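Reviewing the structure listed below.
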Amino acid sequence: MIRAMSNNASIPALTADDHLILVDGSTFIFRAYHALPPLTRKPDGLPIGAVSGFCNMLWKLLQEGLTPEKGDEPTHFAVIFDHSSKTFRSDIYPEYKAQRPPPPEDLIPQFGLIREATKAFSVHSVEQEGFEADDLIATYAVQAAKMGARVTIVSGDKDLLQLIGPNVGMIDTMKNKIFGEPEVFEKFGVGPDKVIEVQSLAGDSVDNVPGVPGIGLKTAALLINEYGDLETLLSRAGEIKQNKRRENLIEFAEQARISKQLVTLKQDVPVDVPVTDLSVTDLNGPKAVGFLKAMGLTTLTKRVAETTGAEAANIEADDFQVPGWHIPDHKGRMVEHAAPAAALSADSTAPGAEPLPNGMMVPQTVATARAHAAASAPIDASDYETVTTLEQLKSWIAEAYEVGYVAFDTETTSLDAMQADLVGLSLCSKVGKACYVPLAHVDGEGDLLGGGGLVEGQIPMAEALAALKPMLEDRGVLKIAQNLKYDWLVMTRHGIDISPADDTMLLSYTLDAGKGGNGMDELSERWLGHKPIPFKEICGSGKSMITFDRVPIDKASAYAAEDADVTLRLWQVLKPRLASERMATVYEKLERPMVPVLARMEKRGISVDRQMLSRLSGDFAQGMAGLEDEIYQLAGERFNIGSPKQLGDILFGKMNLPGGKKTKTGAWSTSASVLDDLAVEGHELPSRIVSWRQLSKLKSTYSDALPGRIHPDTKRVHTSYSLAATTTGRLSSSEPNLQNIPVRTEEGRKIRQAFVAATGHKLISADYSQIELRVLAHMADIPQLKKAFEDGLDIHAMTASEMFGVPIEGMDPMIRRQAKAINFGIIYGISAFGLANQLGIGRGEASAYIKTYFERFPGIKDYMEAIKKDVHANGYVSTIFGRKAHYPEVNTKNPNMRAFYERAAINAPIQGSAADILRRAMVRMEDRLDASKLDAQMLLQVHDELIFEVPGSQVDATISLVREVMEKACEPVLQLSVPLQVDARAADNWDEAH
DNA sequence: TCTTGCCCTTA
DNA sequence: GTAAGGGCAAGAT
C-alpha cells in the first residue's frame with residue numbers, strides 16, 4: 001500500500017537541511033499495545049490502546065521532531081510496515097522468527113485502524129511484498145544519508161542498530177532512549193559497523209537466529225574485536241585456545257554464516273516509492289479530527305483541532321464499523337463481524353514484543369505517567385545519600401510520610417533470613433533520590449584479631465530502629481520491597497512488623513509468571529534497561545567473599561541506595577498493570593497475604609531428632625558398605641559407584657549387558673528404570689546398584705545434610721519458601737527442601753520419623769484427598785467424576801470400571817493400577833509415549849487406553865482442546881481464581897517442544913487451582929485458629945498438605961477446625977461443584993501423622 | 001572454582 | 001506425561 005502524495009517528475013533530492021523520520025510501524029504497534037493500559041472506544045468496546053499510542057506518537061513527532069526546539073521537525077516522514085511473513089530470510093532459514101505467537105485478539109482490529117491513522121494524518125505508509133520493515137528502513141536510511149540528509153529511525157528494535165552512523169540516529173520513543181554509536185558500543189561491545197558480525201555469532205533467541213552455541217554477546221564481541229570480522233574468525237578458528245569454543249566455531253561455521261545473512265539488513269530493496277517521495281505534506285485538519293473523534297480520543301482531538309484550526313464541533317466522526325470486532329447491532333446484541341484480510345495478514349509478520357514501560361505517548365492516567373518517569377529517568381548515584389545522623393534519617397522518614405510510600409531494603413550478613421544480621425538499610429520515596437543508612441559496618445581491614453570494630457559515623461542501631469519503627473508500621477505509609485518476606489523476617493527479629501507493604505517480586509510474578517525470572521536484577525534489566533551493581537562486585541564470591549558488614553560504607557551505599565531506587569521504579573512500572581490487567585485480586589488475595597504467613601512458618605521451623613538422623617547415617621553407611629563389597633565382586637573391579645559414567649562403562653562396556661539406552665549427550669543411561677529392567681532379567685549387579693543408590697541418596701541428601709540445617713539458637717530446622725519460583729502457583733521450598741522428604745519406602749520413612757513434635761505437643765498432618773482430580777472434575781465439568789466424588793467412591797476404581805466395564809467390587813488391583821496411571825496422565829497432559837513408559841506397555845496399547853478414556857469422558861477431551869486453543873491464542877492459561885501461567889514459547893514450530901508446552905498448559909490450571917485453594921486456606925488459617933483460642937502453629941506446606949504443631953490437649957479441636965478451613969477454602973467466592981475432602985491425623989512424628 | 005548433566009526425592 | 005530442589009561427578013575455566 002502506497003500513499004504517494006507528490007508527483008515523481010520534479011522531485012528534488014534530499015539535502016543536508018532535510019530530516020527524514022522513519023517509523024518502524026509494526027514493532028511500534030506491539031509495544032504500544034503491551035505498554036499502554038487497555039483502552040477501548042466508549043460505545044462498543046472497540047480496543048484502541050495501540051491506536052491511541054500510535055496517534056499520540058505521530059502527532060508529537062510531526063509537530064516537534066525529536067526535540068521541542070524549532071527546526072527539528074521532519075521534512076520527510078514515513079511509517080514502514082511489515083507486509084507478510086514470507087521474506088527471503090525464511091527461504092534461507094525456515095525457523096527464522098518461526099516461534100512468534102499470534103497477536104492477542106484485541107490487537108488484531110487495531111492493525112487496520114493504525115493504517116487508517118496514517119491516512120488520517122496524511123502520512124506516507126510503506127510496505128513491500130517479500131521484505132521486512134527493517135529492510136525498507138535500511139534502504140531508505142542509507143539512500144537519504146548518502147544525499148547528506150539527517151535520518152532518525154523510530155524503533156526499539158536492536159536489529160536496526162547496525163544502521164547507526166554520522167547521519168543516522170535511532171530513538172526508542174517507548175523508552176525515550178536515543179541510540180548513537182556509544183549506545184551501540186555499550187550494547188554490543190563493538191561499533192555499528194561490526195554489529196552484524198557479533199549478532200551472527202551470538203544469535204538471537206527472540207528472532208530464532210541460531211548463532212554459535214556457547215557464544216553469547218560478551219564472547220562474540222571479544223572475538224570480533226580480536227579477529228575483526230566473522231570470516232576472518234572462522235578461517236582462523238583453529239587458533240582459539242578454549243577447546244569447546246574452537247570446536248563449536250568450526251562445527252557451526254555454516255550456521256554462523258546463515259545467521260549473518262539473517263541479521264544483515266538489505267540496503268538495496270528496489271523500493272516502489274522513492275525516498276524523495278516521502279516529503280511531509282500538510283496535515284488535513286478536518287480529516288485527522290474526523291478520525292480521532294471516531295476513535296473517541298478526546299484530548300488529542302482537541303489538540304489537533306486547535307493546532308490546525310479545524311473546528312472539532314462541526315466535524316463528524318468517521319464512520320468506523322470495524323470488521324473483526326464484536327459490535328452491537330441496533331438492538332444491542334453482540335454481533336461478530338469477519339476480520340478483514342489486511343488486519344489478519346498483519347498478524348503473522350508482526351514481531352512479538354515484550355511489554356515495555358510506557359514511553360512518550362500522552363499518558364492515559366497518572367499511573368502510567370509515573371511508570372514512564374520511573375523507567376526513563378536515568379539511574380545515577382548523584383542523588384544518593386549516606387545517612388550518618390539521626391536528623392538526616394528523620395528527614396528521610398518525614399519524606400516517606402509525605403509521599404505515602406517508600407521503597408525499603410535491608411542489607412545483612414547472610415542470604416538466609418534466619419541467620420542474617422542487619423547491617424544497614426536503604427530508603428527511596430522519589431525516583432532517583434535514595435539513601436543508605438549504615439548501622440553495623442565493621443572495620444574490614446583487620447582480620448580475626450585486629451579490626452572488627454564498628455566503623456565510626458553510624459547511627460546507633462537501637463536509635464535508628466526506634467526512629468524507623470513507627471513509619472515502618474504506619475498504616476499510612478506503604479512499604480515497597482523486592483522479596484518482602486526476607487526483609488520482613490529480618491525486621492521482625494528487631495521487633496518491627498512491616499505493614500502495609502507491596503512486593504515487586506510478587507507483582508512481577510502475578511503479572512508475568514512463566515515469562516522469566518522475578519529477581520531484581522532481571523526485572524531491572526527488563527523494565528528499566530538498567531543493570532544494577534552486581535552483588536559480586538561488592539562482596540566478591542566463593543572463598544574470598546566478604547560479609548556485607550565488611551564492605552566500606554561508600555561502596556555499600558552506592559549498591560544499597562541503588563537497590564531501593566530500582567525497587568521503587570519497578571513498583572511504579574508494575575503496580576499500575578495490576579488494575580489494567582485485572583490481576584489485582586490475585587495479588588491481594590493469593591500473593592501478598594502469604595508473605596507474613598510464610599515468614600512466620602519459616603521462623604517457627606520444625607524440630608528434628610539429631611541423634612536419630614545420626615544413627616540412620618550409620619545404618620545407611622553400613623548397608624552401603626555391604627553392597628559395595630558385593631558390587632565390586634560382581635563387577636570384578638573397584639570403581640566409583642556414584643559415577644554414572646563409570647557404571648555405564650562397566651555394565652554396557654565391560655559386561656556387555658543388553659538393553660543399553662543412551663542419554664541425550666550420548667552417554668549410557670543408568671537410570672533406575674534401566675537398572676530395574678536389567679534386574680528383572682535376573683542380573684544381580686543392577687539390583688545392588690539400585691539399592692546402593694537408594695541408601696546413598698537417603699544418607700547424603702537427608703540424614704547427613706539435615707543436622708547441618710539445625711539452627712544454632714532455635715535448635716530447629718527453618719526452610720525457606722519461595723512464592724515466586726513456579727509457573728503454576730505452587731510454592732517451592734529450599735535450604736533445606738522440606739517438600740521432598742522421603743515417604744515411599746520403609747527406609748525413607750525413617751527420615752520422616754526424625755521430624756518430631758516439641759515436648760507436650762503433637763504434629764498434625766492434614767492433606768487434601770485427590771485435590772487435582774477434583775479440580776479437574778469441576779473445571780472440565782465431568783458428570784461421572786463429580787458423582788463419584790460426591791458419593792465418596794474410590795476414584796481410580798471407578799475410572800477402571802467405567803473404562804473396562806468391570807465391577808468396582810473385587811476389582812483386580814492391576815486394572816485399578818492402570819486406571820490410576822491414566823488418571824495421573826490426564827492431569828499431566830497425557831501422551832501415549834508417557835503412559836506407555838509408565839505402565840511398561842506398548843505405545844499402541846497406551847494409545848488405545850487413551851482413546852477409550854476420551855470416549856468414556858468426552859468432557860476431558862473437550863477441556864484439553866479448549867486449553868490448547870487458549871494457550872496458542874493468548875500465550876497463557878488461567879486457574880479458577882484467575883492466576884495466569886504464561887507459555888510464551890508455545891507457538892514454536894518444533895513439534896516436540898510445542899507438545900511439551902501444551903501438556904504444561906493443560907496441567908497448569910489444574911495444579912495451579914489446587915495451589916490457589918491451599919493458599920486461600922493458609923491465608924485464613926491463623927486468624928481462625930486465634931479466634932478459636934487454639935495454639936496450633938502452622939509449620940510446613942507440601943503442595944496438598946499442611947503440618948501443624950499443637951499442644952496435646954488441643955489435637956481434636958484443631959483437627960476439626962483445620963479440616964473445616966481447608967474444605968471450605970474456595971468459599972465464599974466460589975462453590976466448587978465437587979466436595980473437597982481433607983484427611984488429618986496427629987502423632988509424635990511426621991511419618992505417623994501422615 | 002564454577003557450570004552442566006545425571007539421577008533421585010516429593011506432590 | 002506436570003511441578004519442584006539438591007547431591008555428586010566430570011568437564012570447563
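Values below: every heavy atom of this structure, side chains too, minus hydrogens, waters and symmetry copies. Not measured: the values here are computed from a predicted model.
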inquiry  = Looking at Glu591(A) and Arg919(A), is there a salt bridge between them, counting it only when a charged N and a carboxylate O are closer than 4.0 Å?
reply    = yes

inquiry  = Taking Lys851(A) first and then Glu855(A), would you say they form a salt bridge - that is, a charged N and a carboxylate O separated by under 4.0 Å?
reply    = yes

So what does [X] touch, heavy atoms closer than 4.0 Å: a base, only the sugar-phosphate, or nothing?
X: Gln646(A); value: sugar-phosphate
X: Ser831(A); value: base
X: Asn740(A); value: base
X: Asn640(A); value: sugar-phosphate
X: Gly829(A); value: nothing
X: Phe824(A); value: nothing

Rounded distance in Å - [atom1] ([X]) to [atom2] ([N]):
X: Arg749(A); N: dT10(B); atom1: CZ; atom2: P; result: 10 Å
X: Phe620(A); N: dC8(B); atom1: CZ; atom2: C1'; result: 14 Å
X: Phe755(A); N: dT9(B); atom1: CZ; atom2: P; result: 16 Å

remark   = Against the side chain of Ser671(A), the closest entry in dC7(B), dG1(C), dG6(C) is dC7(B)

ask   = What nucleotide among dC6(B), dG5(C), dT10(B) has an atom nearest to a side-chain atom of Ser732(A)?
value = dG5(C)

inquiry  = In the structure I gave you, are the side-chain heavy atoms of Arg615(A) and Lys750(A) within less than 4.5 Å of one another anywhere?
reply    = no

message = Please confirm whether the shortest side-chain N or O distance from Arg744(A) to OP1 or OP2 of dT10(B) is below 4.0 Å.
response = yes

query = Are any of Arg730(A)'s side-chain N or O atoms less than 4.0 Å away from OP1 or OP2 of dA3(C)?
reply = no

remark   = residues 825-836 of chain A vs salt bridge (charged side-chain N to carboxylate O under 4.0 Å, His left out), sequence neighbours excluded, gives none

